[in-house]
Novice: 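Before I ask anything, here is the structure I am working with.
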Amino acid sequence: MADSYISVNGKRKLYGTVSVQGAKNSALPCLTACLMCDKGSCCIRGCPHLSDVENTIEILERLGCRCSFDESGHSAMVCAENAFGCEVEPEMMNKMRSSVLFMGAILSRMGEASVSYPGGCELGARPIDIHLGAFRKLGVKIAEDGGILHCSIPSELRPCSVSLLCPSVGATENIMLLMAKSNGETVIRNAAREPEIVDLQNLLNAMGAKIKGAGSDIIVIEGVSSLRGAEFCVMPDRIAALTYMAGAAACGGEIELKNINMEHIAICSAVLRDMGAVIRRCEGGAVLTMKQRPKAVKTIKTLCYPGFPTDAQPVFMSAMTVADGTTVFIESIFDNRFRHAAELNKLGADIDVNMCQATVRGREYLSGADIRAYDLRGGAAMVIGGLIAEGTTRIRGISHIERGYEDIVRDFGDLGGDIRIII
Ligand code: EPU
């Protein structure tokens, strides 16, 4: 709802347990891959309840798939046996970045596809030139007409070796989708190494594909002729987990996280420890304890996996607003991912932004104010800002947050935050 907002009365320590949702950025490519299944149905377990998941299901249905959820709402069944569509309307493409993956999946299924440029969070320029360059090299003809990309495979796909100019997550996934069914061997060099790509490889292989190397920078796809139904459970959402951990590091307290893969967040755990948090594994999860004011960490530079994730930069910036000392954030993945800094300054933070660098001088405290989310992770940073600040913070623009967090208000509420949605 347009006027709803999140209201937070901050300055409380966080205590309690939270179960981390399934990963958005794994569920979306996995659901898209279901379109390529020639026989039987796919069941994707661990899907988070999110608007981006609903939009992906809507695109699948418009393409002729039968989709349903089980009672929990977390297991999606997708049957693509009668899929017929070749086109995703611009209105649907616009809703999220991962819609670009339908280009590879529809081409694989139908031999032709019409899509437009994808939407998604505004984080600076987000071109798809690497996707398009690789697709052309692999035998796809692409003609652009009024913003619509008409893609076709004139004769056959041409499996070969493609080197990505930068290790793009989306381009790596799109090539995997396009080439899983093909006649020959495709090698992706300088591939993205994110764990979500390992998930996509594992799902496709469960469907009968022959892909290896995901998680490293060389992925080898031996094309197969058809894919069948499979059941797959997506990995835990590493950015959602880090959001709760950054919140507890900022506010103090002790939280337990269930459904978490500590290997996926190794670099961020090291930063949290440098900030003064104690993190220990426990059965089925991990516990983070923070008994002191966070200590600043000199420099945090975002990098491709396994480096510090750009998606965690905003929530860690919130935590550093009350750290003892100064932290410099260097954003090296996106060219405009600091919009949250100006909003945090409205709460009394001291952040200077200069191009791709933000200097955060830690303050003793923040005070509540009216602020706005401009993108998904920046929105999560606003929530943490509200939890830190004395008094009431109102956060508008919450549809951005709902794209990636199942229920951030419930989760921080369960951890003892005084937080609610006002409709
Ligand atoms: N890039 C190009 N050309 C391309 C593709 C990418 O120049 O053809 C550039 C981008 O502009 C950006 C960089 O390469 O500067 C990285 O982009 P990448 O393609 O790796 O990102 P993405 O696939 O668009 C995914 C996640 C993002 C996450 C990034 C980086 C999904 C649906 N999205 O985006 O997640 O930030 O990888 O890890 O998987 C989020 O969840 O909030 C989010 C933004």
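Order of listing sets the numbers, starting from 1, for every ligand and every atom in it.
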Novice: When D38 is tested against each of K181, R228, R109 for side chain to side chain donor-acceptor pair (under 3.5 Å), which residue passes?
Specialist: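 The single option meeting the side chain to side chain donor-acceptor pair (under 3.5 Å) with D38 is K181.
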Novice: Write down, by chain and number, every protein residue that brings a non-hydrogen atom to less than 4.0 Å from an atom of ligand 1.
Specialist: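 Residues within 4.0 Å of ligand 1: K24, N25, R97, S98, L123, A125, R126, P127, I128, D129, I130, H131, C166, S168, V169, G170, T310, D311, I333, F334, R337, L376, R377.
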Novice: Less than 6.0 Å separating the ring centroids of F316 and F308?
Specialist: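 That pair passes the under 6.0 Å test.
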Novice: Write out all pairs satisfying side chain to side chain donor-acceptor pair (under 3.5 Å) with one or both partners inside residues 191-214, taking only residues at least two apart or from two chains.
Specialist: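 Every side chain to side chain donor-acceptor pair (under 3.5 Å) pair that includes a residue of residues 191-214, provided the two are not neighbours, is S26-D199, E196-R238.
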Novice: Any idea how H264 and Y305 line up, ring-wise: parallel (<30°), tilted (30 to 60°), or perpendicular (>60°)?
Specialist: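 Because their plane-to-plane angle is over 60°, the rings of H264 and Y305 count as perpendicular.
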Novice: Please determine which of I419, D418, L387 meets the side chain to side chain contact (heavy atoms under 4.5 Å, CB included) test together with N9.
Specialist: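 Output: one option passes, namely D418.
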Novice: Taking all heavy atoms of M77 and all of S41, pick out the closest pair and write down the distance.
Specialist: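 Closest heavy-atom pair between M77 and S41: CE-CB, 4.1 Å.
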